[in-house]
There are 2 protein chains.
Amino acid sequence: MALDHAILVSLLEKPGSGYELARRFERSFGYFWTATHQQIYRVLRRMESEGWIDVREVPQQGRPDKKEYSVAAPGRAALSEWLHEPIAPESVRHDLAVKIRGAAFDDPAALIREVERYRQVHSERLAHYLAGEARDFPDPGAPGPLDARPLDAGRELQHVVLRGGIAYERMTLAWLDDVLATLRRLTPER
Amino acid sequence: MALDHAILVSLLEKPGSGYELARRFERSFGYFWTATHQQIYRVLRRMESEGWIDVREVPQQGRPDKKEYSVAAPGRAALSEWLHEPIAPESVRHDLAVKIRGAAFDDPAALIREVERYRQVHSERLAHYLAGEARDFPDPGAPGPLDARPLDAGRELQHVVLRGGIAYERMTLAWLDDVLATLRRLTPER
DNA sequence: ATTCGCATGTAAAAAGTTACATGATTTC
DNA sequence: GAAATCATGTAACTTTTTACATGCGAAT
């Protein structure tokens, strides 16, 4: 289980409330880990009771108070331990692939419109990532004195993860074009 | 939930026992859907009780008898209904991405060896897919009369799904090289 | 007036994982 | 003699999803 660890990393990057975490898991964190607020609140409570994270009640004006969580020493230790464990092979689940193979027993033509819609979603996601990259990671090539720019490990690592998301979306779009061409070849009528 | 539907598709492609299904989910089906035999047996029992699939006891010599399942009309109808539903956006879960961002608060150098091992796993998976493609889908280019080859929809669709798996592995390998380069840049010592 | 965003939760159901269990045959 | 393959399952546990619930302030 790694939701714990995903939350710990996010809190190390910036302390925040359960609500804020849920938003991060919708946005930037969301392209490699998703979680709903219900899951997050449950895990936060458990981690707090185990002493992995500290809470601080933050009164706000005009808004409900929030509990700001930050990582405590035992939480850091637990994360470190997990980081040194071997990476478990991810288990894949692609509804679309099931549907494509299922289409052989149904109507391949009916899938075309749905794949086109799906392609649109990924196209928008790619645009969103690229916009985020342009915003958060400018510095194309190397303008400016090389040794004057400090290597910020955190930013570099965030960037390489984002590049992974971008590569995934590009690959997916190319594959969806392949899927569409294949489906169209199978239904040349109209 | 789509394990039901994945099983239905697999049974439509070829009827078989729970054990056989579990093996398929380890092999070809496994690159877009995983399931353990426990899950499969549970779902088979439920689908049988709902009349979605038929069972046939097949006595075997030298081996335990098996129950061969095949899709019944209501199962086909249920699958068809599901096929016409919009595709839900997949929720991603990449331990490696969490670890990469977590490495900023730990030891980036320690991740290098683990990423190398992980890269090896994907490299082998790609080789396995390519071997499967060469075995099951020969016919490179177009040798032979074009209109003499019948378009087998099922095979075409299986092939395009496999091409998706291949594209995914290639993209992953390229990204892992990017990750390794980034990690090495951050730890130039030794 | 109603909807949207902030903020936190409970409860129940569905799905997935892990461990245990059995028993025959075939292969090393 | 041990290990691997075939074949099917139970039980307990963990995780995830879905639905419901509340309440305030700000914007339309």
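Letters A, B, ... mirror the listed sequences (proteins, then strands); counts begin at 1.
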Phosphate OP1/OP2 of C/dT8: any A/Y19 side-chain N/O under 4.0 Å: no

Does A/E20 come within less than 4.0 Å of A/K66, counting only side-chain N to carboxylate O? yes

Which part of the nucleic acid, if any, lies within reach of A/Q38 when heavy atoms closer than 4.0 Å are counted: base, sugar-phosphate only, or nothing? base

Roughly how many Å is it from NE2 in B/H5 to P in C/dA14, rounded to a whole number? 14 Å

Within this structure, what is the CZ-to-P distance between A/R46 and C/dT8, rounded to whole angstrom? 18 Å

Report yes if a side-chain nitrogen or oxygen of B/Y41 is closer than 4.0 Å to either non-bridging phosphate oxygen (OP1 or OP2) of D/dT8; otherwise report no. yes

Report yes if a side-chain nitrogen or oxygen of A/S17 is closer than 4.0 Å to either non-bridging phosphate oxygen (OP1 or OP2) of C/dT8; otherwise report no. yes

Applying side-chain hydrogen bond (donor to acceptor under 3.5 Å, both in side chains) between A/Q120 and each of A/H122, A/E124, A/E116, A/R117, report the one that passes. A/E124

Using whole Å, what does the distance between atom P of nucleotide C/dG5 and atom CD of A/Q60 come to? 17 Å

Length of the CG-P vector between A/D65 and C/dG5, whole Å: 21 Å

How many Å lie between CD1 on A/I40 and P on D/dT16, as a whole number? 11 Å

Please determine whether a side-chain nitrogen of the Lys or Arg among B/R46 and B/D4 lies less than 4.0 Å from a carboxylate oxygen of the Asp or Glu. yes

Check the phosphate of C/dG9 against A/K67, side-chain N and O only, distance under 4.0 Å to OP1 or OP2. Yes or no? yes

Check whether any side-chain N or O of A/R93 sits under 4.0 Å from OP1 or OP2 of C/dG16, and answer yes or no. yes

Under 4.0 Å between any heavy atoms, over every strand shown, what does B/R45 touch: base, sugar-phosphate, or nothing? Just pick one. sugar-phosphate

A/F29 and ring-ring contact (aromatic ring centres under 6.0 Å, His included): which single residue from A/W33, A/F32, A/Y31 fits? A/F32

So does B/Q39 get a side-chain nitrogen or oxygen closer than 4.0 Å to the phosphate oxygens (OP1/OP2) of C/dT17? yes

Mapping A/R42 and A/E68 onto DNA chain C by nearest heavy atom, which one lands closer to the 5' end? A/E68

Do any side-chain nitrogens or oxygens of A/R23 fall under 4.0 Å of OP1 or OP2 in C/dC6? yes

